[in-house]
Protein chains: 2
Amino acid sequence: MTITIQSVSSTELERCARPIVAVDLVIVAMQSGALSVLLHRRTEPPFEGTWALPSGVLDVANQGWQGESIAEAARRIFEYQTGIASASCHFASLGAFGRVGRDPRTRVISMGWLVGVSPEQAARVDTDLTCWSAIANEVPWLRLAFDHAEIIATAEATIGTTDATSLALSLVSQPFTVADLRGAYEAVLGRPQDARNFRRKFQRLVDIGTVVASGDKRHQGKSRPANVWRAAADQTNP
Amino acid sequence: MTITIQSVSSTELERCARPIVAVDLVIVAMQSGALSVLLHRRTEPPFEGTWALPSGVLDVANQGWQGESIAEAARRIFEYQTGIASASCHFASLGAFGRVGRDPRTRVISMGWLVGVSPEQAARVDTDLTCWSAIANEVPWLRLAFDHAEIIATAEATIGTTDATSLALSLVSQPFTVADLRGAYEAVLGRPQDARNFRRKFQRLVDIGTVVASGDKRHQGKSRPANVWRAAADQTNP
DNA sequence: GCAATAGTGTCTTTCAGACAATATTAG
DNA sequence: CTAATATTGTCTGAAAGACACTATTGC
């Protein structure tokens with residue numbers, strides 16, 4: 001038996017039911033040396049009173065034509081929810097989360113995005129109905145709204161398998177010392193990094209131009225001053 | 001200035017415009033030693049007469065409640081379009097493709113999926129309005145419908161960066177010889193593999209149980225018979 | 001014996017991880 | 001001089017790539 005491949009007809013395309021497409025943000029920052037996720041407390045059903053990821057709905061009709069791209073939506077919703085300019089932040093897609101029933105109201109396909117922000121940026125977020133929860137802390141995950149625990153688990157897996165450099169660079173204040181960046185790597189990778197081996201890895205980042213010397217030095221207390229560095233301009237992933 | 005994070009309200013969720021969510025399949029198979037992609041010729045606008053990837057629309061309302069998950073949709077549409085049982089095939093998500101204007105009719109967010117099929121399965125697909133096009137062949141990509149050239153480019157990038165083992169195992173007939181699998185690796189990686197170094201890599205797959213000896217031997221023409229092997233049962237990615 | 005493919009071992013390079021000593025500042 | 005942090009170099013093991021020979025079959 002052979003099969004002939006068929007296209008979706010235009011009439012079928014017009015008639016068929018459509019889901020909502022949303023964006024869920026896993027916004028991470030360093031809090032006292034560990035990775036934390038930004039959560040906010042829901043004030044209406046469903047899941048009223050539980051913690052949830054910041055999110056928003058993809059714009060399909062505005063801006064004159066078909067709305068905005070998914071990456072644009074992620075940045076717009078991030079800026080709307082946090083007030084932070086997205087240009088200096090690291091964005092990485094976590095894929096689609098489309099389980100049936102993940103939102104009991106209607107069918108929602110959500111695109112997960114991982115966003116890394118610096119300590120200064122993180123400090124600007126209002127903590128009224130929000131909190132930064134350590135990602136290693138298992139307790140709150142059990143009671144998160146929707147499938148947000150699954151999205152955070154995917155974020156953890158993505159963080160663990162992709163190159164840590166872009167994310168770590170987005171988590172440190174600019175400019176930074178080698179020790180600062182090493183701390184970010186340790187937060188991202190979840191394990192201590194040997195200072196000497198890390199310096200070798202850092203040197204490779206210098207050699208390929210990912211980080212550049214700022215020329216200044218910085219010293220804290222009574223110790224030898226450290227050289228300070230900056231991420232090269234093109235470190236954000238669109 | 002501080003910002004308070006807000007949830008999407010239920011009324012906004014009901015009112016807002018919704019996109020179509022679709023699935024585009026990059027179905028790959030080995031054709032005379034090289035990777036090929038299954039294309040079909042469109043018979044209606046838009047892009048009438050041009051080549052396109054097999055695709056379908058996510059089911060949101062049927063099956064009683066909210067329809068099907070994205071992975072279920074990918075397998076359903078694959079089986080509908082090819083007649084091949086999806087259980088023995090390798091599925092990997094390529095992410096979302098949601099550029100504004102990618103479909104001129106209406107806003108469509110498409111989930112790309114990479115599917116690897118064996119030569120026997122590939123041979124079952126009718127070649128009436130379809131073709132297997134070598135993935136290294138640049139010419140047809142220029143004239144593909146929608147953003148399907150971009151999806152195939154993403155598939156190539158994904159193939160080049162992820163571990164080739166699962167995909168290669170899905171591309172060979174079962175059972176297979178070491179030389180068969182090496183040919184699949186060469187097609188996937190796009191470069192020749194040294195037989196001796198590959199045997200060492202293969203031995204690691206045996207050691208961790210990814211492939212198991214079938215016990216038989218196979219010989220072609222006048223040469224020494226080769227041992228034949230099988231992929232372990234749990235090689236498909238859902 | 002000859003043709004053809006299957007299967008095995010060694011050397012080198014590269015990268016990651018374990019490990020200790022020296023350098024520069026404030027006090 | 002002491003405290004504190006910054007910076008640098010060596011050894012070792014794992015894995016990948018380059019490379020040549022032996023083994024088993026049909027004819």
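Every chain is numbered from 1, with letters handed out A, B, ... down the list of sequences. Everything numeric here is computed off the predicted structure, so don't read it as measured data.
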Okay, side chain of A:Gln31, backbone of A:Ser133: is any donor-acceptor separation there less than 3.5 Å?
-> no

Spacing of B:Phe202 atom CZ relative to D:dG17 atom C1', expressed in whole Å | 20 Å

A:Gln220 CD to D:dA3 C1', in whole Å, measures 13 Å

Considering heavy-atom distances to DNA chain D, does B:Ser223 or A:Ser223 have its closest nucleotide positioned more toward the 5' end?
-> A:Ser223

Looking at DNA chain D, which of residues 182-200 of chain B put a heavy atom within less than 4.0 Å of it?
-> B:Asp194, B:Arg196, B:Asn197, B:Arg200

Round to the nearest Å and state the distance from B:Leu205 atom CG to D:dA16 atom P.
-> 11 Å

Is there a donor-acceptor contact under 3.5 Å from the side chain of A:Ser223 to the main chain of A:Gln220?
-> yes

Flag the pair B:Leu38 / B:Val26 as yes when at least one side-chain heavy-atom distance between them is below 4.5 Å, and no otherwise.
-> no

Quick one: label B:Arg218 by what it contacts on the DNA or RNA (base, sugar-phosphate, nothing), any heavy atom closer than 4.0 Å.
-> nothing

Can you check whether B:Leu39 reaches B:Leu144 side chain to side chain, under 4.5 Å on heavy atoms?
-> yes

Rounded to whole angstroms, how far apart are NZ on B:Lys201 and P on D:dG17?
-> 6 Å

Nearest-nucleotide pick for B:Lys222, side chain only, options being C:dA6, C:dA4, C:dA16 | C:dA4

Listed once per pair and sorted, the salt bridge (charged side-chain N to carboxylate O under 4.0 Å, His left out) pairs that draw on residues 182-203 of chain A, sequence neighbours left out | A:Arg182-A:Glu186, A:Asp194-A:Arg196

For B:Lys217 and C:dT5, give me the distance from atom NZ to atom C1', rounded to whole Å.
-> 13 Å

Would one find a side-chain N or O of B:Asn227 under 4.0 angstrom from OP1 or OP2 of C:dG7?
-> yes

State plainly whether the residues B:Asp24 and B:Arg102 are in salt-bridge range, i.e. N to O under 4.0 Å.
-> yes

Separation of atom CG in A:Asp163 from atom P in C:dA16, rounded to whole Å | 10 Å

In whole angstrom, give the distance that lies between atom CZ of A:Arg224 and atom P of C:dT24.
-> 6 Å

Report yes if the side chains of B:Arg76 and B:Glu68 come closer than 4.5 Å at any heavy-atom pair, otherwise no.
-> yes

Ignoring the backbone of A:Pro225, work out which of C:dA3, C:dT24, C:dA6 is nearest its side chain.
-> C:dT24

Once you round it to whole Å, what is the distance between C1' of D:dT24 and NE2 of B:His219?
-> 11 Å

